[in-house]
Each structure stands twice: as C-alpha cells, then as structure tokens.
Amino acid sequence: MRKFETTVQELKSSVLEEVAVLAWEDRLTTGILDIPEKIIPGPEARMRCCIYKERAVISSRVKMALGGDTGNPGMVEVMEIACDECPVTQITVGPACRGCIATRCVHNCPKEAISIVNHRATIDHSKCILCGKCISVCPYGAIEKNQRPCERGCLPGAIAMGENKKAAIDVNKCVSCGACTYQCPFGAIMDKSHIVDVVQLLRGAGRWGFHVYAVLAPSIAGQFAPATLGQVVTGLKKLGFYDVAEVALGADMTAKAESEELVEKGKLLSSCCPAFVDYVEKNFPDLAQFISHTPSPMVMIGKRIKMSDPQARVVFIGPCVAKKKEYQMGKTMGTIDCALTFEELYPLFASRGIQPETLEETLLDGASGFGRSFAHSGGVAAAVAQGLKEHGVDEKEFKLNAVSCSGLNACKVELLKFAKGIGGVNFLEGMACEGGCVQGPGILIRSPKNQMDVQKHAQEAGERTILEAADGKKPEEKPAPKGKPAGTGKGKK
C-alpha cells in the first residue's frame, strides 16, 4: 500500500479508486451510495466531529470524482461541507503590542479602524479592509494577518470568503492552477475528475474499434517510485491502453515550431502552461497578442497520434489541473479526448489491482532531453534557444533574450516589465507552478528530488536533437550514446 504524504491525498485516492472499481464493473448507479460507509466504517470519527460529517464529506468527494457540478464552469470546486474549520481571514493584534505612543498603526490606517484602548492597539473589524498598512509600520511586529491557506495560496485572488464564511471561487479570476487543492489543509477544494470517462473509453475500445493512447508528461519521472517509468508504461498497457507516448516528444515539436515563430514575430510569451496563458488573458489582456500560437506539447503529441491513427483516442496524464481545463474548454482542437493527473492514475492502477513496480519494463524512448526538460522552469526557454541553434539562426540575424519565471507572483513581475519593454526580453517563459510542472498540484510526490528525477530522465535521451525528435526520426537512425538504450517505445520490452 502506498504511503501518502497527507491524509487528504489518501482520502482522495480512496474515493477515486472506489469510483473507478464501480465504473469497471458497470455498477456506478447501484454502488456509489455505499462508498461513504465503506471508507468511513465508524463507529468512531477519525478526523471530524462525527462519522456522519465525515461520510458527508466523502459523498462530496464522490460527486467530484464523477465530474462535479456540471453547471459550474470551473475546474476546481469548494466542497462546502468540508470547509468549516478555518478561522476567518482578518488582521489581529498580538501580545507583543506595547501600546507605544508613536501609534504608527493608528496614523497609517486609511479607514480609522485602529484605536488605542487600555494602552493597546485594537482593531474594529467592521472598518478594516485588510490593506496591511498597520502590519508594515508596527515596530514590534505585533500586528499580523491571519489568512486562510486557500486565499494565501491563490495568487490570482480568485478565492474569498463567501456570505456563509466558507471559501468561494470566482471563476472569472480563477486560472485553474490548482494551488488551492493542495494548500487547503482540510481538503475542502478538489479538482473535478474524468476518471470515469477514461474507464469508459478503455472499456469501449474493443466494442467500438478505437485505440486508446496514453500520453505521459515528462514530470512523471520518479512519481511512481519504486516503479520505473518503463514499469508504469507496462502498467498502462495492462489497463488497456493501446500504446503510450511521451508528451516530451510533443514538446520537441513545440520547441521547433515556437523557435520559428519567435524569429518571425520578434517577441513571444510561451503557450505551454494553460494556467499562465489564462492568467495573461485575464490580467494582462494587452499582452495576449504576444502569446505564441504554437499549440502546447499535449496538443502537439495528440495531433501526431491522431494523424497516424484515425481510430485513436488520446488521454493526457500529467501533474496539471489546468490541462484538464484546457481539454474541457475545447482548446485542444480535438487532439485530446480526456485528461488525468498522476494523483488519479494511481487509484486507476489500484482499481485493477495493478502494481507497476512488479511488472517488466516497456521502453519509452523518442523525445530529446530538451523536450523532457519542459517539466521544470527554464526548460522551455532552453529548448527554444536550442531550436534556434538547430535551425541555424545566426545571432546577428536574431539574438534571443529570454527570461523564465515560475509561480504567478514571479510571472506578474516579469509581465509588467515585458509590457514596459524593461530588459529588452523577447521570449518570456511563464509557468504557474513554482519550479514548473515538477511541482504541479496533481503530483504524487512533492519533493526537491523531483527536479533531479526530471534531469536524469532528460539525460537518458542522449544526444538526440530537437529536430530529430520532432521530425519523427527513430533513435536507431543515429547511434545512441554508449550505455544508453535506443528504440521507439512501442511494443518493446
């Protein structure tokens, strides 16, 4: 049994596994009502006030596992029954307050919400607007802002306290970055799942004569340890997938096309991260014209597969909630038929009793190291630079001045500078997650080691170039580095 990093992750996985089992057995309509009692048997409550509330939370999770509220266009939802434990966000005065006579807090408050009572600063919360000016001027650091984790983690400012004091998401501000889904310590926010849709695709493949492909994001490196990537590929085929491909190969195609587009247009914002693209469109609409028209790696690999196999159905598997939104909104141009996270793939394996670490390996080897490096911050810019080099672009003709930013706060700073032309940047790589996709909300293991796993995975590609990978040249056409495997991946063990 997997050791989960948090109980929230364990609960989520348990619910998804139970739902997937019922979907495989075609018993969803008769079995979903039994899931809460199966996961929370009682008689004692383990996490909340009583087993009935715990079961109610599980019922909300079951709904999200089935796709959530179809009337809500957002990809993440607040489960209100689970959101009742956090203190209300407010600014408070701590015991360090000395009641000083300078009273900078009083003089800097724009709403006159602070007064001195019994030689101590007191805040009238009916007037306070949470501007934080008092915090910055207090010489003792006695004033602090107690903020809900979900609000603090939502950098686009899409989460606020609703009328019932529960978290509420403004879909007009939300960019589906998914940060709130792991920032909430009570697991009250969850991304909608398409796990049932994937099961139905796999079940229907033989009946309807189509082939279901899995495309794996490069950040999968190390996520299913101790299982290797090759064992995960074998596990996917045991699930019923016809074949498995690297999204990193789509990244090579993106790098090739994006480097050409950059030379043509002169200035670009990267298009690989859908949360970053959404953030630009909602917060910097004047810069939307600079977003690359080159499709994301997910779309690129899906397009290649469907061009080669008209019977293909493609399922993206990665660390990203925003990719599910990209698919849901139809931005994939019909190249992707469903999207899952690594968090969802694990219970999908468990629902069929598949333990990847016990399986033989199936080789998956087609992308370049640059394509695989898209998984971490700086990888896209490095690949575009390499693409320019492989295209033979002379620096006298076009000189790349790229900057990479990860985390929406860093992206905001760089976008403001880009808008004003500060630094002369002509390619801005933006990723919503700090560190890049290796720290996405849908990963199984959140560790600094993720970066090392991706770098190792990239090195295993050897000397294969971006253009070789993007043009579909097989590794056998170029001698692999000594000690490195060569092969296309399909059907080879």
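For the numbers below, each heavy atom of this structure counts, side chains included, while hydrogens, waters and symmetry mates do not.
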Worksheet item: Between atom CG of L388 and atom NZ of K399, what is the distance when rounded to the nearest 0.5 Å?
Response: 11.5 Å

Practice prompt. Nearest 0.5 Å please: distance from the CD1 atom of I143 over to the SG atom of C134.
Written response: 4.5 Å

Worksheet item: Is any side-chain heavy atom of T332 less than 4.5 Å from a side-chain heavy atom of V314?
Response: no

Fill in: Min side-chain heavy-atom separation L22-I35 under 4.5 Å
yes

Worksheet item: Short question: side chain of N450, backbone of V438 - any donor-acceptor pair under 3.5 Å?
Response: yes

Fill in: Side-chain touch F276/L415, heavy atoms, less than 4.5 angstrom
yes

Worksheet entry | Short N-O contact, E54 and R46, less than 4.0 angstrom | no

Worksheet item: Any sub-3.5 Å donor-acceptor pair from Q223's side-chain atoms to L444's backbone N or O?
Response: yes

Worksheet item: Is the backbone N or O of P41 less than 3.5 Å from a side-chain atom of R55, with the two atoms forming a donor-acceptor pair by type?
Response: yes

Worksheet item: Can you name the one residue among K324, K12, K323 that meets salt bridge (charged side-chain N to carboxylate O under 4.0 Å, His left out) with E344?
Response: K324

Discussion item. Let me confirm one number: the CZ-SG distance from F418 to C411, rounded to the nearest 0.5 Å.
Written reply: 12.5 Å

Worksheet item: Looking at NZ of K192 and OG1 of T70, how far apart are the two atoms once the value is rounded to the nearest 0.5 Å?
Response: 7.5 Å

Response to the item:
Rounding to 0.5 Å, atoms CD1 (I466) and OG (S259) come to a distance of 7.0 Å

Fill in: Pair R446 + E5, salt bridge at N-O below 4.0 Å
no

Worksheet item: Is E151 paired with K145 through a side-chain N to carboxylate O contact shorter than 4.0 Å?
Response: no

Worksheet item: Atom CD1 of I422 and atom CG of L416: how far apart are they, to the nearest 0.5 Å?
Response: 8.5 Å

